[in-house]
Amino acid sequence: MLDAGKILVNTLTLAALVLALPPRAEAHDIPADVMVSAFVRPEGQRLRLLVRVPLKAMREVDYPRRGPGFLDLARADAALKNAAALWISGSVELYEELDGNEARLGPPRLVDARVSLESDKSFASYERALAHLAGARLPNELELYWEQGMLDALFEYPIASDRADFSIRPRLERLGLRTTVALRFLPAEGVVRAFEFHGDPWRVRLDPRWLQAAWLFVEKGFLHILEGADHLLFLLCLVVPFRRLGQLVWIVTSFTVAHSITLIASAYDLGPGALWFPPLIETLIAISILYMAIENVLGSSVARRWIVTFGFGLVHGFAFSYALRESLQFAGSHLLISLLSFNIGIELGQLLVLALLVPALELLFRFVLAERIGTIVISLFVGHTAWHWMTERAERLGRFSWPSPDASQLASAVRWLMLILILGGLAWVARGALRRRYRKDPPQSPGKV
């Protein structure tokens with residue numbers, strides 16, 4: 001019993017000693033949201049990179065502290081330079097292209113690294129940020145918790161010419177769970193380019209030539225159509241009953257012209273800007289797929305199908321524009337070229353899908369299912385999926401309030417109504433011409449015409 005009492009006393013004494021010890025430095029948790037501000041400016045034979053990063057995002061750095069956790073500014077220079085090298089210059093990749101020769105820049109020279117307050121507004125412009133880094137530092141006696149400080153760093157890279165083409169890959173995504181980089185590029189000639197990156201955007205051309213922008217957006221359009229399940233199901237519904245080349249030309253051309261109109265108009269801010277409009281478009285896309293599936297079951301004709309496709313193409317064009325909106329910052333001064341290139345990419349993606357779908361459907365209907373039964377089965381499956389999408393998206397849409405429209409919204413609605421009426425009239429004329437053509441030379445097709 002005595003031994004048990006001694007063990008208990010010793011255990012309590014050890015616990016008291018452990019609690020009395022000074023606490024160890026706390027683990028640096030990864031911050032949830034990190035905002036990085038940066039400027040890139042080529043000047044003569046050097047390129048300047050100004051960056052502002054929250055100190056709490058740069059972990060694994062032993063910042064000197066005093067008292068209850070205040071940053072010891074008098075002894076912080078070495079730690080700040082270490083953080084700037086480890087977390088910024090070691091991650092950011094800059095490239096220079098001149099006369100067809102491209103090379104990565106670096107290593108940079110760290111001109112200065114200092115602490116700023118979160119409330120400091122000097123990074124609102126390049127000139128103010130540069131003047132701030134050349135000005136007075138925070139006083140050493142300032143009581144600033146290290147997690148509340150910002151690291152401002154100025155790097156200089158040697159370059160061949162400030163007229164070269166520059167690109168960047170920030171690679172700062174490891175600073176936080178969600179990292180946003182707000183970067184402004186100030187070329188030697190031309191307008192300032194503003195970018196906002198989320199995560200790792202890979203290499204970004206800061207002032208692309210038209211051919212570079214065109215290729216980038218062709219790729220984006222091509223990938224977008226292949227990654228969009230709703231657009232793929234819409235294409236499937238379009239072509240299940242109409243697989244002959246002559247039929248496909250009318251239907252696909254109708255869809256292409258329609259979505260091009262709203263895509264370009266929306267990119268130029270001619271479309272509605274209300275918060276409820278994108279959810280409405282997503283709901284209408286689900287409805288378009290459901291309608292096509294129902295029409296496939298009940299029977300359709302080319303003359304009616306291409307007109308319906310045109311109407312739904314206008315809806316899909318808005319959805320394309322929303323997917324494209326964040327990427328337009330990479331277009332440089334080539335907005336229209338980028339829009340047309342994105343459209344070309346979409347068409348190339350559609351052609352690839354059709355080139356795979358049509359032979360697959362032909363084989364299915366020849367060797368597995370009768371054409372009518374196969375059309376109904378596929379359409380019911382697609383319609384079931386579209387029904388669930390429609391109800392889910394309609395529920396999200398119903399959460400928005402519907403304010404009374406103001407004068408500008410009414411004017412925009414009138415303009416779009418006039419455009420729809422004009423397009424509807426043109427479609428009606430084309431439909432009549434198409435009917436006369438098919439009456440004169442009716443096609444032999446497996447579907448109803």
Side-chain angles (χ1 to χ4, degrees), residues 25 28 30-31 33-67 69-94 104-159 166 168-176 179-186 197:
H28 297 175
I30 301 176
D33 295 285
V34 173
M35 172 62 74
V36 179
S37 299
F39 295 94
V40 175
R41 180 174 177 82
E43 298 175 337
Q45 304 298 310
R46 67 182 177 183
L47 181 142
R48 282 176 165 171
L49 171 65
L50 282 78
V51 186
R52 168 171 284 181
V53 183
L55 281 177
K56 63 183 178 182
M58 294 178 288
R59 305 168 300 280
E60 302 173 8
V61 177
D62 186 16
Y63 301 105
R65 280 167 277 183
R66 55 185 175 83
F70 297 138
L71 184 63
D72 191 347
L73 294 171
R75 300 186 297 115
D77 282 354
L80 297 178
K81 292 178 180 178
N82 183 28
L86 177 64
W87 289 92
I88 303 177
S89 65
S91 299
V92 176
E93 299 176 5
L94 279 158
R104 180 177 172 180
L105 299 180
R109 180 175 72 92
L110 178 59
V111 178
D112 193 12
R114 60 175 61 190
V115 176
S116 295
L117 300 177
E118 289 182 333
S119 58
D120 181 79
K121 304 298 183 183
S122 59
F123 266 67
S125 70
Y126 171 79
E127 291 76 14
R128 288 178 59 186
L130 193 62
H132 170 71
L133 279 162
R137 295 172 176 264
L138 294 176
N140 292 335
E141 62 273 11
L142 180 69
E143 294 182 346
L144 174 69
Y145 288 101
W146 75 271
E147 302 97 330
Q148 298 174 350
M150 309 291 286
L151 173 65
D152 297 345
L154 170 60
F155 301 92
E156 288 186 354
Y157 294 78
I159 59 176
F166 298 96
I168 187 172
R169 184 181 178 188
R171 297 186 63 189
L172 297 172
E173 71 279 359
R174 64 193 184 108
L175 288 171
T179 302
T180 301
V181 179
L183 182 142
R184 277 160 284 181
F185 174 63
L186 296 86
F197 309 132

Result block: side-chain N/O donor-acceptor pairs under 3.5 angstrom for residues 80-90, not counting sequence neighbours:
residue : atom : partner : partner atom : Å
W87     : NE1  : R59     : O            : 2.8
S89     : OG   : A85     : O            : 3.3

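Annotation: salt bridge (Lys or Arg N to Asp or Glu O under 4.0 Å) contacts of R171 (sequence neighbours excluded): E93. Checked against ring-ring contact (aromatic ring centres under 6.0 Å, His included), F197 has the following partners two or more places apart in sequence or in another chain: F195.
Contact of the P139 side chain with the L73 side chain is not registered, since no non-hydrogen atoms from C-beta on lie closer than 4.5 Å. Inter-residue side-chain proximity for R52 and S116 is flagged as met; some heavy-atom pair is nearer than 4.5 Å. R48 is not listed as a side-chain neighbour of P42, based on a closest heavy-atom distance of 4.5 Å or more. In this structure, Q45 and P158 have side chains that are not in contact, with every pair of non-hydrogen atoms separated by 4.5 Å or more. V115 is not listed as a side-chain neighbour of L142, based on a closest heavy-atom distance of 4.5 Å or more. Counting only heavy atoms from C-beta outward, the side chains of R41 and F185 never approach each other to under 4.5 Å. Between S91 and R169, the closest side-chain pair of non-hydrogen atoms is not below 4.5 Å. Looking at heavy atoms from C-beta onward, D33 lies out of side-chain contact with T179 at the 4.5 angstrom threshold.
Contact detail for A57 and P31: the closest heavy-atom pair is CA-CG, 3.9 Å. Closest heavy-atom contact between Q148 and L144: CB-CD1, 4.0 Å. L71 and R66 get closest at one heavy-atom pair: O-NE, 4.0 Å. Closest non-hydrogen pair, F155 versus L110, comes out as CE2-CD1, 3.6 Å. In terms of heavy-atom proximity, L151 sits nearest to M58 at CD2-CE, 3.3 Å. Nearest approach of G176 to V34, heavy atoms of both residues: CA-CG2, 3.8 Å.
A salt bridge links R114 with D112: the closest approach of a Lys/Arg side-chain nitrogen to an acidic carboxylate oxygen falls below 4.0 angstrom. Ion pairing of D120 with R128 is absent here, as no side-chain N (NZ or NE/NH1/NH2) approaches a carboxylate O to less than 4.0 Å. A salt bridge does not link R65 with D72: none of the charged nitrogens is closer than 4.0 Å to a carboxylate oxygen.
Between F39 and Y126, the ring planes lie perpendicular to each other; the angle is over 60°, past the 30° to 60° tilted range.
Of the residues V40, L94, L47, the one that meets the side-chain contact (heavy atoms from CB on, under 4.5 Å) test with F166 is L47.
In this structure, CG on L183 lies 9.5 Å from OG on S37, to the nearest 0.5 angstrom.
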Please determine whether salt bridge (Lys or Arg N to Asp or Glu O under 4.0 Å) holds for the pair R137 and D77, giving the CA-CA distance in whole Å, both sets of side-chain angles, and the decisive distance to 0.1 Å. CA-CA 11 Å; R137 295 172 176 264; D77 282 354; 3.7 Å; yes
What verdict does the side-chain contact (heavy atoms from CB on, under 4.5 Å) test give for H132 and D152, after you've listed the backbone C-alpha separation in whole Å, the side-chain angles of each residue and the deciding distance to 0.1 Å? CA-CA 9 Å; H132 170 71; D152 297 345; 3.2 Å; yes
